[in-house]
Undergrad: 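Sharing a structure with you now.
Residue numbering restarts at 1 for every chain, and letters A, B, ... go by the order of the sequence lines. Basis for what follows: all heavy atoms, side chains included, without hydrogens, waters or symmetry-related copies.
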2 protein chains.
Amino acid sequence: MTDGVEPGTVRPGGRTARVREAVLRAAEDALTEQGFTGLDLADVARRAQVGKTTVYRRWGTVTGLVADLLQDMAEQSAPRSETGSLLGDLTANARLVQRTLTDPRQGALFKALIAAATGDVKTAAALHRFYDIRVREWAPCVRQAVERGEVPEGTDPHDVIRAVSAPLYYHLLISGGRLDEPTADRAAEAAAMAARAGVFVRVGGKHA
Amino acid sequence: MTDGVEPGTVRPGGRTARVREAVLRAAEDALTEQGFTGLDLADVARRAQVGKTTVYRRWGTVTGLVADLLQDMAEQSAPRSETGSLLGDLTANARLVQRTLTDPRQGALFKALIAAATGDVKTAAALHRFYDIRVREWAPCVRQAVERGEVPEGTDPHDVIRAVSAPLYYHLLISGGRLDEPTADRAAEAAAMAARAGVFVRVGGKHA
DNA sequence: TCACTAACGGGTCTGTGGTTCCGTTAGTGA
DNA sequence: TCACTAACGGAACCACAGACCCGTTAGTGA
């Protein structure tokens, strides 16, 4: 803590990078299969074919490992589609999220990541960063809608994109309701309607 | 497992009830302070001034205890307010949720409950039941809005109420954004707008 | 009021998640 | 290509959450 250098920072190339890669993939698998609660670092080490000492030294705790995994996931981005209308773009986004959360592996993984973030501020910060990046990637479609005059000037793009995802995550984590394509479409419609009506216009020009 | 009777079912009165009460309150406190991860049943027993054997016998696991706590919480209901307009009612609901989630203790508790539910199907079922009850309590205000002609016939009341909460929980768990009164008001507005536009009309008459 | 036994609880034991020690392997810079 | 040392990893070790045993307390029905 006090004496500085974290392991993995001085010689980040070669073996160190390979170990990190293997451990993160193993952690992903383990989280997906066991969930956040059932995760132990020795098991991750076994899956990664790496000494468990290494895992404990580099990441220390389960939440530390999850935080690093989130950082890694944040780096790989998926491209967005463009349909020419706000509703079309938001629907594409909603369906992408819906498909991701419905996929047995991905859905379980995201649940585990979110659960981990509830208990640790560093992990929570990593999760926020991850979603901030994803939201930023889709924000342009709202800006284009503003330019086209579909939604009023001053509309906060991030708020709109988040409004699309929110009901889907609510279903996944809280209500347990069906998470099908019509649900996704409804989420997109609701967000588009609200955006058109000027609900997401920021008066002071301040962004979240 | 195979031989039937669960402890606490044959003599549910007197001491058994007192123990349950004390343990649930202690679990609530512990969850609030330590979060879901940092919870151990011996600590709960200590707080409740109850033998730890009792806690292990009656509830067995952390998730089992959380599931019972959720059932207990579901039984105590908070009344809703009526303002005479859909937007007014939804705003009242949004602010209630916002205040609950912002409160340091309550917010932490709900985070912990949701995290626990991600890892265990019984707990998840209990969580779904809890929110289903809460949603039902507020559904009448949407039905009244239908009667007043504010929103189209066939609008699913539950969908509307859930649409109000969703962005608030999204902020709490995922984006980490500000969770203030304007945010709550915006959530209510967005839901009201979408409802008015007929986004939540169910075609087949089937409810979620 | 009394007998019956469900449910409680202190004490002890154990499996395992996590830590530490120290020798080995392999990046890195000259 | 060589010296230096960061980073890895097997093995022994430890602490503690959770299981178990068995004697005690107190609801319940007659």
Undergrad: Could you tell me the separation between the CZ atom of B/Arg18 and the P atom of D/dT25, rounded to a whole number of Å?
TA: 15 Å
Undergrad: For A/Thr183 and A/Asp180, test the side chains for any donor-to-acceptor distance below 3.5 angstrom and give the result as yes or no.
TA: yes
Undergrad: Hey, are B/Asp185 and B/Thr91 close enough side-chain-wise for a donor-acceptor pair under 3.5 Å?
TA: no
Undergrad: Does A/Phe36 have any ring pair (Phe, Tyr, Trp, His ring centres under 6.0 Å) partners at least two apart in sequence or in another chain, and if so, which?
TA: none
Undergrad: Tell me the stems DNA chain D sits in, counting at least three consecutive Watson-Crick or G-U wobble pairs, each under 3.5 Å on both distances.
TA: C:1-30 with D:1-30
Undergrad: Once rounded to the nearest 0.5 Å, what's the spacing between atom CG of A/Leu24 and atom CG of A/Asp29?
TA: 11.0 Å
Undergrad: Take nucleotides 11-21 of chain C nucleotide by nucleotide from the 5' end and write B, S or -, depending on whether a protein heavy atom sits under 4.0 Å from the base, only from the sugar-phosphate, or from neither.
TA: B-----SBBBB
Undergrad: Distance-only, no hydrogens or angles: does the B/Thr83 side chain make a donor-acceptor pair with backbone N or O of B/Asp89 under 3.5 Å?
TA: yes
Undergrad: Expressed in angstrom and rounded to an integer, what is the separation of B/Gln49 atom CD from C/dG10 atom P?
TA: 10 Å
Undergrad: Give the rounded distance in Å between these two atoms: CZ of A/Arg15 and C1' of C/dT25.
TA: 5 Å
Undergrad: With respect to the phosphate group of D/dA7, does any side-chain polar atom (N or O) of A/Thr54 fall under 4.0 Å of OP1 or OP2?
TA: no
Undergrad: Work out which heavy atom in A/Thr123 is nearest to a heavy atom in A/Asp120; give both atom names and the distance.
TA: OG1-OD2, 2.7 Å
Undergrad: What's the CZ-C1' distance between A/Arg58 and D/dA6, to the nearest Å?
TA: 11 Å
Undergrad: When rounded to the nearest 0.5 angstrom, what is the spacing between CZ in A/Arg46 and CG in A/Leu41?
TA: 11.0 Å
Undergrad: In terms of relative ring orientation, are B/Tyr131 and A/Tyr170 parallel, tilted or perpendicular, with 30° and 60° separating the classes?
TA: perpendicular
